Amino acid sequence: MSNTTPPITDTPPASPYGTLPPASPPASRKPVSLPRLADMHARGEKIAMLTAYDATFAAMADAAGIDCLLVGDSLGMVCQGLNSTVGVSLDIMRYHTDSVSRGLRRVQGTTWLIADLPFGSYQESREQALRSATVLMQAGAHMVKLEGGGWTTDTVRFLVERGIPVCAHLGLTPQTVHALGGYRVQGKGDAAGALLKQQAHALQDAGAAMLVLEMVPAALAAELTAELKHCATIGIGAGKATAGQVLVLHDMLGINLGKMPKFVRNFMADAPGVLPALRAYVQAVKDGSFPDDRLHAW
């Protein structure tokens, strides 16, 4: 029986679940920043945005070239199984923002990270919005998103003046779906369209750097995109003329638990895996082949 000590090697033992990956290579692109997004907008380069809720998918999306990741309160529906986003708490948003941020840090990610202010976390006052935004920024977000126009304008200005970048959200605003009477196209008709445009311009003037337009007629979204020089429109069911596009991760991978919305394309259908599907989404947004207004817009 030998008493020889096993040789020492430089190879670390394997770790379960990929918890201790080797050092990632240097990023192949510069980090996406607010000035860079403004430059993309000015040059007409489409902005590819996608939701993410955990570290692994965040890292994969970054590797695929996603410009912006949104930790959306849609997690209430796709992760928690809720019927709407209304039940999502600030603490849940902090948890998922922290998870996504860690995933990006592990791979030296370069994606711009946005987090939703959930229902009830900013409606009370501007000061409440600041406290809630601080929680998400300290969890790793670079920008916060809030829904609605009109009264939100003062809140946006209050946050921006204090160094917090803001993405606004008009059209279908899921947090107020009960007041809207369901998931319906918004901004139809002259009066509704004029109000939405007025709110959009006010939000831009208040300092919002981005504006999600959800389920808005394509013609109206195109007009707003042309008019808003300092606020990049991000469409979801708003046609191809917007400055960028966003989809829920699970939707574009074809693993939605419910009915697939009209504005979604399943990028997994023609892809051999998740990473190629994510890359195909980025490419389709960049080259303007997604969305197709004949299929995905109103």
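Quick caveat: nothing in here was measured; it's all calculated off a predicted structure.
Partners of Ser101 according to the side-chain hydrogen bond (donor to acceptor under 3.5 Å, both in side chains) rule, which considers only residues two or more places apart in sequence or in another chain, are Arg105. In this structure Asn266 satisfies the side-chain hydrogen bond (donor to acceptor under 3.5 Å, both in side chains) test with no other residue, sequence neighbours excluded. For Glu45, the side-chain hydrogen bond (donor to acceptor under 3.5 Å, both in side chains) test picks out Arg43, Lys286, with sequence neighbours left out. Every salt bridge (charged side-chain N to carboxylate O under 4.0 Å, His left out) that Arg294 has, sequence neighbours left out, goes to Asp292. By the salt bridge (charged side-chain N to carboxylate O under 4.0 Å, His left out) test, Asp205 is found to be paired with no residue, residues two or more places apart in sequence or in another chain being considered. For Lys240, the side-chain hydrogen bond (donor to acceptor under 3.5 Å, both in side chains) test picks out no residue, with sequence neighbours left out.
One hydrophobic cluster, built from ILVMFWY side chains closer than 4.5 Å, holds both Ile255 and Leu247. Follow the hydrophobic side-chain contacts under 4.5 Å out from Phe290 and you never reach Leu295; the two are in separate clusters. No chain of hydrophobic side-chain contacts below 4.5 Å, direct or via other Ile, Leu, Val, Met, Phe, Trp or Tyr residues, connects Leu195 to Met215. Hydrophobic clustering, with ILVMFWY side chains joined whenever heavy atoms are under 4.5 angstrom apart, groups Val282 together with Leu104.
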Between Leu130 and Ile164, is a side-chain contact (heavy atoms from CB on, under 4.5 Å) present by the stated rule, with each step listed? CA-CA 9 Å; Leu130 176 60; Ile164 298 176; 3.6 Å; yes
side-chain contact (heavy atoms from CB on, under 4.5 Å), that's the test. Do Phe57 and Leu50 meet it? Break it down for me. CA-CA 10 Å; Phe57 273 110; Leu50 198 63; over 6 Å; no
Check the pair Val156 / Leu146 against side-chain contact (heavy atoms from CB on, under 4.5 Å), numbers first and verdict last. CA-CA 8 Å; Val156 170; Leu146 53 77; 4.0 Å; yes
Between Gln204 and Leu211, is the side-chain contact (heavy atoms from CB on, under 4.5 Å) condition met? List the steps. CA-CA 8 Å; Gln204 175 185 248; Leu211 170 64; over 6 Å; no
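Taking CG from Leu278 and CE from Met252, the interatomic distance works out to 5.0 Å, rounded to the nearest 0.5 Å. One finds the CG atom of Leu159 at 11.0 Å from the CE atom of Met143 (value rounded to the nearest 0.5 Å). Interatomic distance, SG of Cys79 versus CD1 of Ile92, reported as 10.0 Å (0.5 Å rounding). Taking OH of Tyr281 as the reference point, atom CD1 of Ile66 lies at 6.0 Å (rounded to 0.5 Å). Taking CD from Glu227 and NZ from Lys197, the interatomic distance works out to 4.0 Å, rounded to the nearest 0.5 Å. To the nearest 0.5 Å, the span separating CG on Leu172 from CG on Leu170 amounts to 11.0 Å.
In this structure, Gln198 places its CD atom where only 12 or fewer heavy-atom neighbours from other residues, nucleotides or ligands lie under 6.0 Å away. Other residues, nucleotides and ligands place no more than 12 heavy atoms under 6.0 Å from the CG atom of Asp190.
Inspection of the Arg29 and Thr111 side chains reveals an N or O donor paired with an N or O acceptor under 3.5 Å. No side-chain N or O of Thr56 forms a donor-acceptor pair with one of Asp54 less than 3.5 Å apart.
Closest approach of Ala61 and Leu69 over heavy atoms only: CB-CD2, 3.7 Å. Across Ala168 and Leu203, no two heavy atoms sit closer than the pair CB-CD1, 3.7 Å. Considering all non-hydrogen atoms of both residues, Leu70 and Met49 come closest at CB-SD, 4.2 Å. The two residues Leu228 and Ala200 come nearest to each other via the heavy atoms CD2-O, 4.1 Å. Across all their heavy atoms, Cys167 and Val212 have their closest contact at SG-CG2, 3.9 Å. Looking at every heavy atom in both residues, Thr97 comes nearest to Ala141 through CG2-N, 3.8 Å.
Formation of a donor-acceptor pair under 3.5 Å by the Glu147 side chain with backbone atoms of Gln175 is found in this model. The closest donor-acceptor contact from the side chain of Lys46 to the backbone of Thr242 lies under 3.5 Å. In this structure, Ser132 contributes its side chain and Ser121 its backbone to a donor-acceptor pair below 3.5 Å. Put simply, the side chain of Thr51 gets close to the backbone of Leu249: a donor and an acceptor are under 3.5 Å apart. Gln186 places a side-chain N or O within 3.5 Å of a backbone atom of Arg184 that can act as its donor or acceptor partner. Using a distance-only test at 3.5 Å, with no hydrogens or angles considered, a donor-acceptor pair links the side chain of Asp116 to the main chain of Asp73. Gln199 contributes no side-chain N or O that, together with a main-chain N or O of Leu196, makes up a donor-acceptor pair within less than 3.5 Å.
A salt bridge links Asp91 and Arg94; the closest N-O separation between the charged side-chain nitrogens and carboxylate oxygens is under 4.0 Å.
Residue pairs meeting the salt bridge (charged side-chain N to carboxylate O under 4.0 Å, His left out) criterion with at least one partner in residues 252-269, sequence neighbours excluded, do not occur; the list is empty. Applying the side chain to side chain donor-acceptor pair (under 3.5 Å) rule to pairs touching residues 160-174 yields Lys145-His169, His169-Glu214, Thr173-Thr176, sequence neighbours excluded. The ring pair (Phe, Tyr, Trp, His ring centres under 6.0 Å) contacts involving residues 82-101 comprise nothing, where partners must be two or more places apart or lie in separate chains. For residues 125-145, the set of pairs meeting the ring pair (Phe, Tyr, Trp, His ring centres under 6.0 Å) definition, not counting sequence neighbours, comprises Trp112-His142. Legend: ring pair (Phe, Tyr, Trp, His ring centres under 6.0 Å) pairs involving residues 214-251, not counting sequence neighbours, sorted by first then second residue: Tyr53-His250.
Counting only heavy atoms from C-beta outward, the side chains of Cys68 and Met210 approach each other to under 4.5 Å. In this structure the side chain of Val185 reaches within 4.5 angstrom of the side chain of Pro217, judged on heavy atoms. With contacts defined as side-chain heavy-atom distances shorter than 4.5 Å, the pair Asp251/Met260 qualifies.
With a 4.5 Å cut-off between side-chain heavy atoms of Ile, Leu, Val, Met, Phe, Trp and Tyr, the cluster of Phe119 takes in Val86.
Under the side-chain contact (heavy atoms from CB on, under 4.5 Å) rule, Leu113 has a single partner from Leu136, Val32, Val100, Asp62, which is Val100.
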